[in-house]
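Sequential numbering from 1 along the given sequence is applied to the chain's residues.
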Amino acid sequence: MYFGIDRYYSSGIFLQYGKLKFSQEDSLGKGKYISKHWELGQEINTPNFRSTTNLAKIDYPYNGWLFLAFKKQVFKQLNFGYGWGIQLGTTGADASKAKFLQNTYHRYVLNLDPLAWSYVIPQAYHFNFDTSLYWGRKLKGKLKWVHENTLRAGTFRTAFQTRFGFQWGSFSGLPFFGQRMEEVNHGIAFFTGTALELNLHDYSLSGSLFQSNTPFSIEAALLRNRLQAGFLFYQAPYFLRVIFNYSSPYTNTQLVKYHPYLNISFRRVF
């Protein structure tokens, strides 16, 4: 979501279905929490000048990314765990349905002219893998230091990200990282921190790593950072998480240097 603007990372819609179980390992009740999730997702990128067909004004490419993902997370302790996942999907304005959905929304909901969708990242099929490590440490009272490291590799994105900050609230686990909601029926928590990323390749911004397949020479920024602040509310069976992001440029040609957007997650626990 965006604040009266529609540029750069302009849309992300993710539908998830998953299960969480406690696997007991001995007679003392020690065990581990295991969650498995399927996700259908779509991302849309949009340049600053949305209606232009002038290549000189394209500071960020149009792109759609439609994918199916599987994720697994294991927590032997509520404040320490790991996870891995795979993604299979396609880019391209038409193959990802991004052009159709975005222009339909602009035309019939916002009553605006369709976007140009000129100079688009070409269609291609992709496979990606990621692995993450999560941990948290209680500091004082309800205040906790939380940390997440993630490595992504594949034809779509290859990057290393470290995300860390402070969590305050009534949850014993790490609800801002992964899908942790054990041993609590209701509560509220807050998070503030940052995400630092070393980007080695991003097909959605610069096309193929192995060949030149784009009509422009846009380069993805090597280093990125996002300042984050958010909250979550859980009253069984409903869960709401909202995180505000203030991001540094994703491309070296980006005209507007910092980009705000929201991540909003709503979930019903069965």
Side-chain angles (χ1 to χ4, degrees), residues 7-14 39-50 52 55-72 83-99 102 115-133 148-163 194-226 245 247-259 261:
R7 61 180 173 229
Y8 307 147
Y9 173 54
S10 61
S11 176
I13 300 174
F14 312 100
E39 179 180 59
L40 178 64
Q42 183 195 59
E43 297 179 11
I44 299 177
N45 294 350
T46 308
N48 185 49
F49 297 107
R50 299 166 296 166
T52 187
L55 179 58
K57 293 185 177 181
I58 298 294
D59 65 331
Y60 202 101
Y62 280 102
N63 182 62
W65 164 231
L66 181 67
F67 65 88
L68 179 66
F70 173 78
K71 298 180 180 180
K72 181 177 180 179
W84 62 271
I86 57 173
Q87 294 177 319
L88 296 171
T90 182
T91 53
D94 297 319
S96 68
K97 307 303 179 185
K99 180 180 179 180
Q102 189 179 55
L115 277 65
W117 276 88
S118 54
Y119 308 108
V120 182
I121 294 290
Q123 192 274 331
Y125 295 104
H126 298 279
F127 172 81
N128 243 70
F129 172 82
D130 63 80
T131 182
S132 299
L133 181 69
E148 173 191 31
N149 290 323
T150 299
L151 176 65
R152 300 183 181 92
T155 60
F156 186 66
R157 286 194 178 113
T158 299
F160 173 75
Q161 177 181 278
T162 182
R163 180 177 171 223
T194 189
L196 304 175
E197 183 172 323
L198 175 64
N199 169 59
L200 300 179
H201 172 244
D202 193 332
Y203 188 94
S204 71
L205 300 176
S206 53
S208 174
L209 178 65
F210 306 104
Q211 60 179 334
S212 177
N213 64 344
T214 64
F216 39 74
S217 58
I218 293 176
E219 294 184 1
L222 177 63
L223 298 176
R224 306 170 179 171
N225 73 282
R226 298 194 314 275
N245 295 265
S247 175
S248 68
Y250 274 30
T251 74
N252 294 330
T253 54
Q254 204 166 300
L255 294 176
V256 180
K257 296 306 179 183
Y258 286 91
H259 180 55
Y261 64 93

Rounded distance [0.5 Å steps], [atom1] in [X] versus [atom2] in [Y]:
X    : Y    : atom1 : atom2 : answer
H259 : S248 : NE2   : OG    : 11.5 Å
N213 : I121 : CG    : CD1   : 7.0 Å
D202 : L222 : CG    : CG    : 12.0 Å
F70  : E39  : CZ    : CD    : 12.0 Å
S132 : W84  : OG    : CH2   : 12.5 Å
H126 : L88  : NE2   : CG    : 11.5 Å

Could you pull out the closest heavy-atom pair between [X] and [Y], with the gap in Å?
X    : Y    : answer
R7   : V256 : NH2-CG1, 3.6 Å
S208 : H201 : C-NE2, 3.9 Å
P122 : Y203 : O-OH, 3.2 Å
Q87  : A69  : CG-CB, 3.8 Å
G64  : A98  : CA-CB, 3.6 Å
S206 : T214 : O-CG2, 3.9 Å

Can you find a heavy atom in the side chain of [X] that is under 4.5 Å from one in the side chain of [Y]?
X    : Y    : result
R152 : Q161 : yes
Q102 : S10  : yes
D94  : Q123 : no
L205 : N63  : no
S96  : T91  : no

Quick one: does any side-chain atom of [X] pair with a main-chain N or O of [Y] as donor and acceptor, under 3.5 Å?
X    : Y    : answer
T131 : L151 : no
N199 : A221 : yes
N48  : L255 : no
T90  : Y125 : no
N128 : F156 : yes
T251 : D59  : yes

Set of residues satisfying salt bridge (Lys or Arg N to Asp or Glu O under 4.0 Å) with respect to R163, sequence neighbours excluded: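 Checked R163 against salt bridge (Lys or Arg N to Asp or Glu O under 4.0 Å); matches are E148.
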Pair T162-N149, side-chain donor/acceptor within less than 3.5 Å: yes
Residue of the set Y119, F216, Y8, W117 for which ring-ring contact (aromatic ring centres under 6.0 Å, His included) holds with Y62: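 Between Y62 and the candidates, ring-ring contact (aromatic ring centres under 6.0 Å, His included) is satisfied uniquely by W117.
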Set of side chain to side chain donor-acceptor pair (under 3.5 Å) partners for Y60, sequence neighbours left out: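 So Y60 forms no side chain to side chain donor-acceptor pair (under 3.5 Å) with any residue.
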Side chain to side chain contact (heavy atoms under 4.5 Å, CB included) assessment of L200 paired with L198: CA-CA 6 Å; L200 300 179; L198 175 64; 4.2 Å; yes
Side chain to side chain contact (heavy atoms under 4.5 Å, CB included) assessment of E43 paired with F14: CA-CA 9 Å; E43 297 179 11; F14 312 100; 4.0 Å; yes
Residue Y258 excluded, over 12 heavy atoms near OH under 6.0 Å: no
Ring centroid separation Y261 to Y9 under 6.0 Å: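 Yes - the distance between ring centres of Y261 and Y9 falls below the 6.0 Å cut-off.
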